[in-house]
Amino acid sequence: MFSLLDAWLKGAVLEVQEYVRLQIATIRGVFSRPFYFHDVVEQFEQIGIGSLTVVLLTGFFTGAVLALQTGITLDQFGARPFVGRLISASMVKELGPVLTGLMLAGRIGSGIAAELGSMVVTDQINALRALGTDPVRKLVVPRVLAGFFMAPVLTVISDTVGIIGGWLIAVFQLRVASSVYWTSVIDGLYLDDAWMGLAKPFCLGYVIVTIGCHVGLRASGGTQGVGRATTNAVVASSVAVIAVDFFVTRLMITLLY
Amino acid sequence: MERPDAEAPVIVVDKVSLAFDEKVVLKDVSFTLERGHTKVILGASGSGKSTILKIILGLLKPDGGSVFVNGERIDTMSETELMQVRMDLGMVFQEGALFDSLTVAENVGFKLYEESTMPPDEIRRRVEEVLGFIGLNDFIDRMPSELSGGQRRRVAIARAMAAKPGILLYDEATTGLDPITAITVDEEMVKLRDLENVSSIIVTHQLRDAFFVATREAVRRGDGYEIVAADARKCDEAEFIMLKEGVVAFEGNAAELRAAKDQYLRSFLS
Ligand SMILES: Nc1ncnc2c1ncn2[C@@H]1O[C@H](COP(=O)(O)OP(=O)(O)OP(=O)(O)O)[C@@H](O)[C@H]1O
Ligand SMILES: [Mg+2]
């Protein structure tokens, strides 16, 4: 029993140590040569453009359902015209970043873990090293940069379509005048909220991609190992999205308010 | 690149040992490879042949012993320092290990595209040239997934040769190839060794290919070259080692291997 716990603890410490080491190597890779520009562009496209559809859909329906639900609650106080305020505040501060994060964890985190994992088990990572190319610079750095910069862009897009979804419901279902809705949306947006809503996705994008890379690069044991790595990456990065969201919120509240 | 001392051995493996968890894979393995020579590593499946090649490339760190490549001790080097050493090494991986997101041409020219300043059209010419050696010119723009197993193996060979390394490590390069293609590959190995002074380690189960490389010689004839039977001195330069359960069970040239009395060796050769 004790030795089991001991082994588990050792494994966990090693895992964290390797994760930190990968991050250090990645950050060093961002700021020094060689820098594989072409791969960076490719990953921006893969991660950014590739995730657009799912982000648009989730953003839109989240905003719409939010309008439906809050419409009922607000009616109890006769506050239906304020629906826009609620939607913009919750989309921008919480739902936009977190839901985009979760979608990216499912789409990007798993994809990266599967791709890098199968490169590990088929010796392609070894071949890369043998050819004199650093896998961290060639594979990890472009993905981390793309995740870090594209997550905020995608979040802003998600926020926007969410507010538009809410507007459609507000106008056609709740019968709130368009101008009332938009005025309320603007009223609900404080500059501090915008900062928070923008800071979060940078952290989430970074965490999702680094976890995907870390888990993928440590895959072992054939195709089965790749499957395991993919599942682990999705689970770990989804949990990390929620956890990091909490800690960033906590930090920003101390800093901003 | 500056060539180190031509007389010194290119690879020295000294008392190398390695264990994966509890399982001991290599125990005090030592050998030396001279410049322009061939070393053939034989051994049963799982005897640690691929592992020793990975150690020479610095992909794995040995638990004990030391490894020198071109006179530099590599087992204590950092990954960054190793990159420099690997510039002079080429390796054919057992399973090919082609990058499946890249075309054949991009695979073969990978090192030149990514890590050299050679202009793209010159790289393309070099890629066509090496693919020509192994008869795959028609496949230059295909994806690896569209190739047969033997074709993938040959692309892997071309990739290892493309950047003209001074040392080539072949892990089962001819296994699974038909006899005619295998001989083409063998001739290429002989040619690189004798005309370009490339040193090589050949891991194989195919004794016929091993003996072919050990007992032939490439000589220049006018513009081209010819493969002829090697003289005794040349034959002596190709050494065989046999790994058995992680230790070197035999070391010697082709004639000595043929004459060996050891029961295990005999059953391996027949
Ligand atoms: N990553 C690893 N983890 C654990 N054990 C390993 C690992 N890689 C290799 N081994 C073990 O090391 C031993 C030697 O493996 P190696 O690949 O060097 O064999 P080989 O001589 O190349 O065999 P083959 O002729 O089948 O290719 C094997 O018993 C294998 O099980
Ligand atoms: Mg092997």
Side-chain angles (χ1 to χ4, degrees), chain A residues 7 10-11 14 18 21-22 24-29 31-43 45-47 50 111-112 114-143 216-217 219-223 226, chain B residues 1 20-21 50-51 53-60 69 77-102 106-117 120 144-145 152 155-156 159-163 165 167-172:
Chain A
K10 274 204 188 104
L14 185 75
E18 287 294 315
R21 188 173 295 167
L22 177 70
I24 293 170
T26 307
I27 291 165
R28 191 177 300 148
F31 295 107
S32 61
R33 299 185 139 276
F35 186 77
Y36 299 95
F37 187 73
H38 180 81
D39 296 87
V40 175
V41 174
E42 201 177 291
Q43 287 306 320
E45 204 176 305
Q46 278 257 327
I47 291 182
I112 290 174
E115 188 183 0
L116 298 194
S118 47
M119 288 185 78
V120 171
V121 302
T122 56
D123 259 349
Q124 288 180 56
I125 298 287
N126 275 339
L128 208 56
R129 292 165 68 199
L131 289 165
T133 301
D134 181 351
V136 172
R137 290 172 191 274
K138 175 85 179 162
L139 301 170
V140 179
V141 167
R143 284 166 176 76
L217 287 177
S220 66
T223 36
V226 177
Chain B
M1 190 187 291
F20 289 110
D21 299 323
S50 302
T51 307
L53 294 189
K54 285 182 183 165
I55 288 175
I56 291 169
L57 268 172
L59 300 175
L60 289 173
V69 174
M77 275 187 181
S78 71
E79 187 74 11
T80 326
E81 294 170 304
L82 279 168
M83 288 304 176
Q84 214 44 50
V85 177
R86 288 177 189 147
M87 282 298 145
D88 198 35
L89 282 160
M91 163 125 178
V92 181
F93 284 84
Q94 190 166 6
E95 306 295 338
L98 298 181
F99 304 125
D100 29 50
S101 56
L102 304 179
E106 287 165 338
N107 261 289
V108 173
F110 189 88
K111 194 172 190 169
L112 299 172
Y113 283 119
E114 298 292 347
E115 314 296 338
S116 80
T117 49
S145 56
R152 293 170 63 96
V155 174
R159 181 174 70 182
M161 290 173 175
I167 307 167
L168 272 164
L169 314 174
Y170 305 93
D171 196 351
E172 310 270 11

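Treat the numbers as computed from the prediction; the structure is a model and nothing was measured.
A salt bridge is absent between B:Arg152 and B:Glu95; no separation between the charged side-chain nitrogens and carboxylate oxygens falls under 4.0 Å.
For a residue to count as touching a neighbouring chain, one of its non-hydrogen atoms must lie under 4.5 Å from one of that chain's; by this rule B:Phe99 touches chain A with backbone and side chain alike. With a 4.5 Å cut-off on non-hydrogen atoms, B:Leu98 touches chain A through its backbone but not through its side chain. Heavy atoms of A:Thr133 lying under 4.5 Å from chain B belong to its backbone as well as its side chain. Heavy atoms closer than 4.5 Å to chain B are found nowhere in A:Ile125, neither backbone nor side chain. Proximity to chain A (any heavy atom under 4.5 Å) is shown, for B:Leu59, by both the backbone and the side chain.
For the set B:Lys111, B:Glu115, B:Arg159, the entry with the most heavy-atom pairs within less than 4.5 Å of chain A is B:Glu115. Top candidate by heavy-atom pairs under 4.5 Å with chain B, chosen from A:Leu131, A:Thr122, A:Leu128, A:Asp134, is A:Leu131. When the candidates A:Gly132, A:Ser118, A:Pro34 are compared by the number of heavy-atom contacts under 4.5 Å with chain B, A:Gly132 comes out ahead.
Put simply, the side chain of B:Asp100 never gets that close to the backbone of B:Pro144: no donor and acceptor are under 3.5 Å apart.
Not counting sequence neighbours, B:Tyr170 has no partner by the ring-ring contact (aromatic ring centres under 6.0 Å, His included) test.
A:Glu45 CD: 12 or fewer foreign heavy atoms inside a 6.0 Å radius.
Counting only N and O atoms by type, the side chains of B:Gln94 and B:Ser50 include a donor and acceptor under 3.5 Å apart. Using modelled atom types and a 3.5 Å distance limit, the side chains of A:Arg137 and A:Thr26 yield no donor-acceptor pair.
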